[in-house]
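I have placed the structure first, in the form of structure tokens, so that the comments after it can refer back to it.
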Amino acid sequence: MVTFTLNGETKSVDLNPDMPLLWVLRDELKMTGTKFGCGVASCGACTVHIDGEPTRSCQTAVGDLDGAVITTIEGVETREASAIQAAWVELQVPQCGYCQSGQIMSASALLAETPKPTDEDIDYAMEGNICRCASYSRIRKAIHRAAEILEA
Amino acid sequence: MLHYLDKALTAPKPTRRSFLKISAGALGGLLIGGAIPLPGQAAEGETLITPFVQITPDNRVIVISKHLDKGQGTATGLATLVAEELDAALEQMAVEFAPSNPQVYANTLFGIQGTGGSTGIANSFDQYRQAGATARAMLVQAAAEAWGIPADQISIANGMLSGGGNSASFGEMAGAAGAQAVPEAVTLKTPEQWVYIGKDMPRIELPLKTRGSVGLYGMDAQPDNVLMAATARPPKFGATVKSVDAAEAFDMPGVRDVLQIPQGVVVVADNTWTAMQARDLLSIEWDEITAETRGTDALMAEYTALLDQPGLPSVTRGDAPMKMAAAEQVIEADYSFPYLAHAPMEPLNVTVLYDGDSVAFWTGSQLQTLDHGTAAAVLGLPMEKIAIHTLWGGGSFGRRATPDSHLVAEASMIGKAWLDKHGSAQPIKLVYSREDDIKGGYYRPLTLHRVRAGLDAEGNISGWNHRVVGQGIMIGTPFAEFTVRDGVDHSSVEGAADTTYDLPDMAVDVHHPEVGVPVLWWRSVGHTHTAYVMETMMDELAIAAGRDPVEFRLAHLQNDPRLAGVLRLAAEKAAWDTAPAEGIHRGVAVHKSFNSYVAEVAEISIRDDGTVKVHKVTCAVDCGVPVNPDNIRAQIEGGLGYGLSGILREEITMTDGEVDQYNYPDYTPLRIVDMPQVEVHIIPSTEAPTGIGEPGTPPIGPSVANAVFQATGQRVRALPFSKHGLA
Ligand code: FES
Ligand code: FES
């Protein structure tokens, strides 16, 4: 039995400890906001925050999560995340949208660390998130825009 | 294959009544356990105004999209067309995907229901405006009756009807409107009257896509009691199962069954992870008698030999050999383009529920009519017992549009094998892993080109010989009828054979070798390689003639003013006539595809490690009436990003028939660090709108390659760039 906090609520699950958090969320808890893209920590679609850190849930075994504080796209409510979501709509970032849960989780973690990121900061923080629709130039602009929103 | 089509096309034509039933079912009643939230709710039958527009009592206008939206923005485009003619308020607009029904929802350019070839808006522009205008007329007629005043005294603005001191919302008038006779003819607005068309329209589903897109994609379909399935498919294309030992897989807790179907061996489990883990525990012996066992080296050798042999003639115009013999200079070049995977972010998936009498599928269906017909053929069911619920696609780039409907065929087999064994229906979701996707075929075909082109004493082109070697994508599919002539698959030569450069003496021929690797259209299809060849060759010729690459192209574009127009605009906006900054090199390319015209000027530099950095791409596009300019910009940005990804590092290779790559670590898409700044300029136009999902892709490869030549003197003719240390 593993107990963690998920989007502010305490959850206990009794599952194979090797099962990745991604599939615990999606198939067991029916929370499908976190996406499966590669399963090998290469695309970022499955990014969640664990104790505030952006983390690839496809490579995080549920057995290691006792006591962890987990936030997913369904529950992310920080100032940074709200600014990112607003900028995402304002600049019409998503195309197919499938990567965007992960992009938003990575971008909001970046802003929490670095409120005024440079292009290099953005490259570094976002390089692990693939967008096959190549919405990258809008992602970059929207992160800068969200930083502005936060400053205001 | 064609019998599927025949069957679909001869299904009974739905009456208005039966459509209402289909529609209500598709939109609400048939949802498994009500557990899949779809955008919007089922509407009352009587509020359906036309097959394309529903108005709900709570005043929402639901546009029924016959097209899959997999990120290209068509859903919003169709809603815009309806809102325009209806004078609706944007906030009341919603979109649902249409049920499968080719009589009502055919792509008018395909004759079947389906999305692709950048035709979404092009084939819907009149139809959806007409639907909006029809709904408007019926609402006005209903109000006229209700208020006892002539129709011409009623006006509509922002979703409200008013006249003679009365006013009503669409929702209030919807029931009465649905009872009106459908007008025979309606008058559409003139372009000067447009309020929404031509403006930047926010995409209808984007707020949801910033909050987890709950319920949008097939991957997220969660019907009650759904089981997850993963299929072990043969490691070599065309192999079959000889024997299987599933004991270890069965021992894994959570595994429900292991099923053998013609496509492979399927593990059905409580969750996706268990299904995939248990699949790795299967020991399967494969029969390779019918398998493709050649590797890419062997194929390359065979294709290269074919470059020396005359192929099937595609274009024979003037006298290219004679012109070549008399030419001042002849330039010859061979090119190679690898197999490419589409690798959309949402892996392929489909949920099936089959009970022996009927079947339902939930998936990002892109060719509904073929999926529908395939299920009918595989399961032996009549068409009306099959429901295809189209969900939003997490990308496609061509991958979800398969003429053989292999995904639905496989899911049908799984549904049937389960029912045969267990005797009761069970929703089962078949999920591809990324490895299944990368190794699974349906690639852009491996393609070789050889071009010989002459220059006369004035530095103009005299004679163009062009040979292409590659599998024909359309051969053997229902689309062959329209695209294969005398053995030549037009999709292998499009963009070269139909070039609008003035080439009076041209010969194009083609070889279509038979290879057991399944191939498919990849964003912009044949243009992915033909544009690269045409536009790098034009560059070589210009430079050999001592002429400016833009001027040289314009001189050969006397008969294509729209292509010349985008080239001039991109050159002007990129300040082509001024020297670039220190260390920056420019290249240009211009190409027409899907009836749209795009020019791109790339600015690059070479990093210290010798790799290419693309800084900026300046684009000009002419796609007729720009229905939603911001979406056009987004599609050009994405289209060129996808094309850049393709030329830099993407390559599928095979060793003895087995694919060498497995996942994103070695089949490497573009990442944010490699994305250039993109500037898009749209030519104002009143021509009918044309495609935008694909036309941004073809020019990026050659514009970057031409810039690389400026920087290094090197001509990149074997792709991808990573082969040469350039990426
Ligand atoms: S699914 Fe976890 S990084 Fe791709
Ligand atoms: S928006 Fe489609 S993958 Fe990013």
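Because the structure is a prediction, the values reported are computed rather than measured. In what follows, every chain begins at residue 1, and chains take the letters A, B, ... in the order their sequences are listed.
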Requested in this report: Identify which of A:E74, A:M19, A:K30 forms the greatest number of heavy-atom pairs closer than 4.5 Å to chain B.
Outcome: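 Winner by heavy-atom pair count: A:M19.
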Requested in this report: Mind ranking A:C99, A:G97, A:A81 by heavy-atom pairs under 4.5 Å with chain B and telling me who comes out on top?
Outcome: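 Between A:C99, A:G97, A:A81, the count favours A:G97.
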Output the option from [options] having the highest count of non-hydrogen pairs under 4.5 Å with chain A.
options: B:E205, B:H342, B:K429, B:Q677; value: B:H342
options: B:P347, B:G73, B:G71, B:P676; value: B:G71
options: B:M345, B:E637, B:Q72, B:M675; value: B:M345
options: B:P207, B:P202, B:G641; value: B:P202
options: B:S433, B:G254, B:G638; value: B:G638
options: B:P344, B:G395, B:G639, B:P665; value: B:P665

Atom [atom1] in [X], atom [atom2] in [Y]: separation rounded to 0.5 Å?
X: B:N628; Y: A:Q92; atom1: CG; atom2: CD; value: 8.0 Å
X: B:Q222; Y: A:D27; atom1: CD; atom2: CG; value: 6.0 Å
X: B:I672; Y: A:S106; atom1: CD1; atom2: OG; value: 10.0 Å
X: B:R671; Y: A:S42; atom1: CZ; atom2: OG; value: 4.5 Å
X: B:M228; Y: A:R26; atom1: CE; atom2: CZ; value: 7.5 Å
X: A:R132; Y: B:R523; atom1: CZ; atom2: CZ; value: 9.5 Å

Determine the minimum heavy-atom distance between [X] and [Y], stating which atoms define it.
X: A:I73; Y: B:R211; answer: CG1-C, 3.8 Å
X: B:G394; Y: A:C96; answer: C-SG, 3.4 Å
X: A:Y136; Y: B:L670; answer: OH-O, 2.5 Å
X: A:D18; Y: B:W273; answer: O-CZ2, 3.5 Å
X: A:C38; Y: B:Y664; answer: CB-CD1, 3.8 Å

Query raised in the report: Would A:R138 and B:D630 satisfy salt bridge (Lys or Arg N to Asp or Glu O under 4.0 Å), going step by step from the backbone distance to the final call?
Result: CA-CA 12 Å; A:R138 292 186 186 219; B:D630 191 51; 3.1 Å; yes
Query raised in the report: Is any side-chain heavy atom of A:M126 less than 4.5 Å from a side-chain heavy atom of B:V673?
Result: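 SC-SC contact between A:M126 and B:V673 ruled out.
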Portion of [X] that has a non-hydrogen atom of chain B nearer than 4.5 angstrom:
X: A:I84; answer: neither
X: A:I130; answer: both
X: A:S137; answer: both
X: A:F36; answer: both
X: A:V24; answer: neither
X: A:E120; answer: neither

Under 4.5 Å heavy-atom distance to chain A, tell me which part of [X] shows up: side chain, backbone, both or neither.
X: B:Y432; answer: backbone
X: B:E435; answer: side chain
X: B:S645; answer: side chain
X: B:N663; answer: side chain

Query raised in the report: Under 3.5 Å, is there a donor-acceptor pair between the side chain of A:Q95 and the main chain of B:A634?
Result: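 Yes, the answer is positive, given that a donor and an acceptor are paired below the 3.5 Å cut-off.
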Requested in this report: Could you walk me through whether A:Y98 and B:M219 pass side chain to side chain contact (heavy atoms under 4.5 Å, CB included), step by step?
Outcome: CA-CA 10 Å; A:Y98 193 80; B:M219 188 60 105; 3.5 Å; yes
Query - Steps toward side chain to side chain contact (heavy atoms under 4.5 Å, CB included) verdict (B:S213, A:K35) - result: CA-CA 10 Å; B:S213 305; A:K35 307 299 182 198; 4.2 Å; yes
**Report entry** With sequence neighbours excluded, residues passing side-chain hydrogen bond (donor to acceptor under 3.5 Å, both in side chains) with A:N7
**Finding:**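 Applying side-chain hydrogen bond (donor to acceptor under 3.5 Å, both in side chains) to A:N7 gives A:T72.
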Query raised in the report: Under 6.0 Å from the CG atom of B:N225, do we count more than 12 heavy atoms belonging to anything else shown?
Result: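 Open: at most 12 neighbouring heavy atoms sit under 6.0 Å from CG of B:N225.
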Requested in this report: Check the pair A:V40, B:R434 against side chain to side chain contact (heavy atoms under 4.5 Å, CB included), reporting the backbone distance first and the verdict last.
Outcome: CA-CA 9 Å; A:V40 297; B:R434 181 59 58 197; over 6 Å; no
